[in-house]
Amino acid sequence: METQKPMAPKPAATVSAKVKKEEKISQVRGIRNAFLVIIACAIAAVCIFLFGMGYSGNFEGNDTAGHPLNLAGTVYKGGFIVPILMTLLLTVIVLSIERWIAISSASGKGNTTKFVADIKADLAANNIDAAMSRCKAQKGSVASVVYNTLVKYKEMDQNDTLSKEQKLTTLRNEVEEATALEMPSLSQNLPIIATLTTLGTLVGLLGTVMGMIKSFQALASSGSPDSTELSTGISEALVNTAFGIATGAFAVISYNFFTNKIDNLSYAIDEIGFSIVATFAATHK
């Protein structure tokens, strides 16, 4: 009966490389499925529209067919386009809060500009261990990219088989790989906000046009114009215009604000990455 030979253990270097590869996960946390956010916002918008703004006490005679007594009743007269616009506005607000939390966590615990300056000072003093410790204390996307690059820096420092150019190329590739891992997570959900910039305005315009159609129908009726129908059409037009403008404006501000934040983080990563490669080139033959 043949005895099975024990499997040879994997080389330590292979295991170490696999562990390091598994450790490379994005430091950015956020909502992965924005569709669920949109569904939740739609449910909330419909409930607010029907049970809040559509409350009978907001109208004369406790009847939604009567004239509105307050702003909530006036908004309710905007018609079925209003909950759609409310859904878009709530989605922008929720995703903006989500991006604020995510990008704040990606920035780390301290000031990013000071962190960049401190890392560059450590590199100038060739104190790699201090720079790595600083990355662990800072946390966030920038620190994660720098830490992974410094780990590769120490590996190249101890490598005697590769040429200097090969080592520099490896370091550059490490910076690009670590950056590519973080950037998509930073910009996640921003395309949806950018889409709502235009969509909110267009849906608001649609509601405005529908409201104006009702107004002109009231004016074109035989005999004296129906004042109730006329006022309802004007209310629908103005309410939808207001919601559309508010949604579009908030989405534009949010998108540009977070895009600028991401650009600043990207510049910080590029600056430190260049400094690491330049330091290695200057201190190694």
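Heavy-atom basis, side chains included; hydrogens, waters and symmetry copies ignored.
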Inset, instruction - Mark yes or no for whether E60, through its side chain, and P68, through its backbone, hold a donor-acceptor pair below 3.5 Å. - result: no
Legend entry - Under 3.5 Å: donor-acceptor pair, side chain of R99, backbone of V94: no
Inset, instruction - State the NZ-CG distance between K261 and N256, to the nearest 0.5 angstrom. - result: 14.0 Å
Inset, instruction - Give every residue pair that meets the ring pair (Phe, Tyr, Trp, His ring centres under 6.0 Å) criterion with at least one member in residues 72-128, sequence neighbours excluded. - result: F49-Y76, F59-Y76, W100-F257
Inset, instruction - Quick one: pull up CD1 in I128 and OG in S133 and give me the separation to the nearest 0.5 Å. - result: 11.5 Å
Legend entry - Heavy-atom side-chain contact between V175 and R172 under 4.5 Å: no
Legend entry - Pair listing, ring pair (Phe, Tyr, Trp, His ring centres under 6.0 Å) test, anchored in residues 154-198, at least two apart: none
Inset, instruction - Give the minimum heavy-atom separation between L186 and A106, together with the two atoms involved. - result: CD2-CB, 3.3 Å
Inset, instruction - Spell out, yes or no, whether I93 and L85 are grouped together once hydrophobic residues are joined by side-chain heavy atoms under 4.5 Å, including indirect joins. - result: yes
Inset, instruction - Would you please name every residue forming a side-chain contact (heavy atoms from CB on, under 4.5 Å) with T91, sequence neighbours left out? - result: I38, C41, T87, L95, L196
Inset, instruction - Verify, without hydrogens or angle tests, whether K167 (side chain) and M156 (backbone) share a donor-acceptor contact under 3.5 angstrom. - result: yes
Inset, instruction - Report yes or no: do N58 and N70 form a side-chain donor-acceptor pair below 3.5 Å? - result: yes
Inset, instruction - Measure the shortest side-chain to side-chain distance between S187 and F258 over non-hydrogen atoms and say whether it is less than 4.5 angstrom. - result: no
Inset, instruction - Mark yes or no for whether S105, through its side chain, and A102, through its backbone, hold a donor-acceptor pair below 3.5 Å. - result: yes
Inset, instruction - Could you state whether L50 and L71 fall into the same hydrophobic cluster, counting links through intermediate Ile, Leu, Val, Met, Phe, Trp or Tyr residues with side-chain heavy atoms under 4.5 angstrom apart? - result: yes
Inset, instruction - Answer whether the closest heavy-atom distance between the side chains of I276 and L123 falls below 4.5 Å. - result: yes
Inset, instruction - Might you confirm whether atom NZ of K109 has over 12 heavy atoms from other residues, nucleotides or ligands at distances under 6.0 Å? - result: no
Inset, instruction - Would you indicate whether the side-chain heavy atoms of L168 and E165 approach each other to under 4.5 Å? - result: yes
Inset, instruction - Drop me the distance from M86's CE to I81's CD1, to the nearest 0.5 angstrom. - result: 13.5 Å
Legend entry - Linked, directly or transitively: I97 and V92 (ILVMFWY side chains, under 4.5 Å): yes
Inset, instruction - Please round to the nearest 0.5 Å and tell me the distance separating atom CD1 of I272 and atom OG1 of T279. - result: 11.0 Å
Inset, instruction - Search all heavy atoms of T64 against all heavy atoms of G54 and return the closest pair with its distance. - result: CG2-O, 3.6 Å
Inset, instruction - Mind listing the closest non-hydrogen atom pair of A34 and I192 along with its distance? - result: CB-CD1, 3.2 Å
Legend entry - Joint hydrophobic cluster, L202 plus I245, side-chain heavy atoms closer than 4.5 Å: no
Legend entry - Nearest atoms (heavy-atom pairs only) where M183 meets I262: SD-CG2, 4.5 Å
Inset, instruction - Determine the minimum heavy-atom distance between L90 and A44, stating which atoms define it. - result: CD1-CB, 4.3 Å
Inset, instruction - Considering non-hydrogen atoms only, spot the tightest contact between T197 and T201 and give its length. - result: O-OG1, 3.2 Å
Inset, instruction - Answer with yes or no whether the hydrophobic clustering places V37 together with F35; edges join I, L, V, M, F, W, Y residues whose side-chain heavy atoms lie under 4.5 Å apart. - result: no
Inset, instruction - Using modelled atom types only, decide if a donor and an acceptor are shared between the side chain of N159 and the backbone of E155 within a distance under 3.5 Å. - result: no
Legend entry - Donor-acceptor pair between T112 and S107 side chains, under 3.5 angstrom: no
Inset, instruction - Report yes or no: does D157 contribute a side-chain atom to a donor-acceptor pair with the main-chain N or O of Y153 at less than 3.5 Å? - result: no
Inset, instruction - For the residue pair K154 and D129, establish whether any side-chain heavy-atom pair is separated by less than 4.5 Å. - result: yes
Inset, instruction - Identify which one of T208, L238, L89 satisfies the side chain to side chain contact (heavy atoms under 4.5 Å, CB included) criterion when paired with F243. - result: L89
Inset, instruction - With rounding to the nearest 0.5 Å, note down the distance linking CD1 in I193 to CD1 in I253. - result: 12.0 Å
Legend entry - No-hydrogen, no-angle side-chain donor-acceptor test under 3.5 Å, N189 and E98: yes
Legend entry - Atom pair OG1/CG of T179 and L265 - distance to nearest 0.5 Å: 11.0 Å
Legend entry - Main-chain N/O of G78 paired with N240 side-chain donor or acceptor, under 3.5 Å: yes
